[in-house]
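Ligands are counted one by one from 1 in listed order, and the atoms in each one are counted from 1 as well.
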Amino acid sequence: MRVLVVEDEKKTASFIRKALQAEGFAVDVCGDGGDALAAARATPFDGIVMDIMLPGPDGLSVLRQLRERGDKTPVLLLSARGAVNERVEGLNAGADDYLPKPFVIAELVARVRALGRRAGENKSTVLRVADLTLDTVSRRAERGGKTFDLTAREYRLLEFLMRSTGQICGRMSIIEKVWDYDFDPGTNLVDVYIKRLREKIDDSREPKLLHTVRGIGYVLKGTP
Ligand code: CA
């Protein structure tokens with residue numbers, strides 16, 4: 001489960017990140033509202049933990065913008081003020097849950113877990129790009145009536161590319177999202193996996209869906 005933490009207070013952000021990572025979550029952190037909107041557009045998160053008080057657009061306005069553009073990622077709002085009106089405002093803006101500060105970290109972790117379950121219920125289980133489909137439950141891909149079994153890593157790579165359809169995915173962002181590395185291992189890891197994926201989904205089929213953007217990365221798209 002991948003979680004975005006949006007909090008400008010570095011200590012709190014790092015405290016939350018460490019606690020979630022210790023529980024097996026993959027965690028990205030943003031320090032302001034603008035970055036949060038960009039991150040949520042670039043990456044499919046399973047949940048967002050967001051403080052209301054942020055530089056740039058505040059948590060409530062980030063949340064409204066997410067919902068306006070159809071992003072249904074479950075959001076847990078944090079607020080220094082446990083005021084009832086703020087809680088109501090947050091829920092009206094489309095928050096799934098609300099936790100006043102100061103909070104007990106175990107409670108935050110439990111609530112994030114609950115968000116993840118909700119995300120699983122809301123999400124369509126089948127992703128589609130042109131005639132390629134990926135079932136996120138059985139983890140099998142199908143194209144032109146042929147089904148492919150994918151290794152765990154191939155699955156994560158294809159899911160990431162399909163959820164980012166039409167967007168160029170840089171090698172480093174692939175390494176981060178698919179391998180959870182925050183450093184470049186300096187190998188041709190990504191190329192090797194892209195090649196394997198191509199052999200499965202694109203070989204002897206038209207149109208080609210998986211394209212190389214020279215020097216930058218890869219893009220999966222159904223239209224030229
Ligand atoms: Ca804050």
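Scored by the ring pair (Phe, Tyr, Trp, His ring centres under 6.0 Å) test, Y193 finds W179 as partners (sequence neighbours excluded).
Remark: the backbone N or O of L4 is not paired with any side-chain donor or acceptor of D28 at under 3.5 angstrom. Side-chain N or O atoms of D8 include none that pairs as donor or acceptor with a backbone N or O of G31 at under 3.5 Å. R17 places no side-chain N or O within donor-acceptor distance of the main-chain N or O of V27, the cut-off being under 3.5 Å. At least one donor-acceptor pair under 3.5 Å links the side chain of S164 to the backbone N or O of F160.
For the pair Y98 and S79, the tightest heavy-atom approach, listed with the atom from each and the gap, is OH-CB, 3.3 Å.
Within the protein, the N, O or S atoms sitting under 3.0 Å from the Ca ion (ligand 1) are E7 OE1, D8 OD1, D51 OD2, M53 O.
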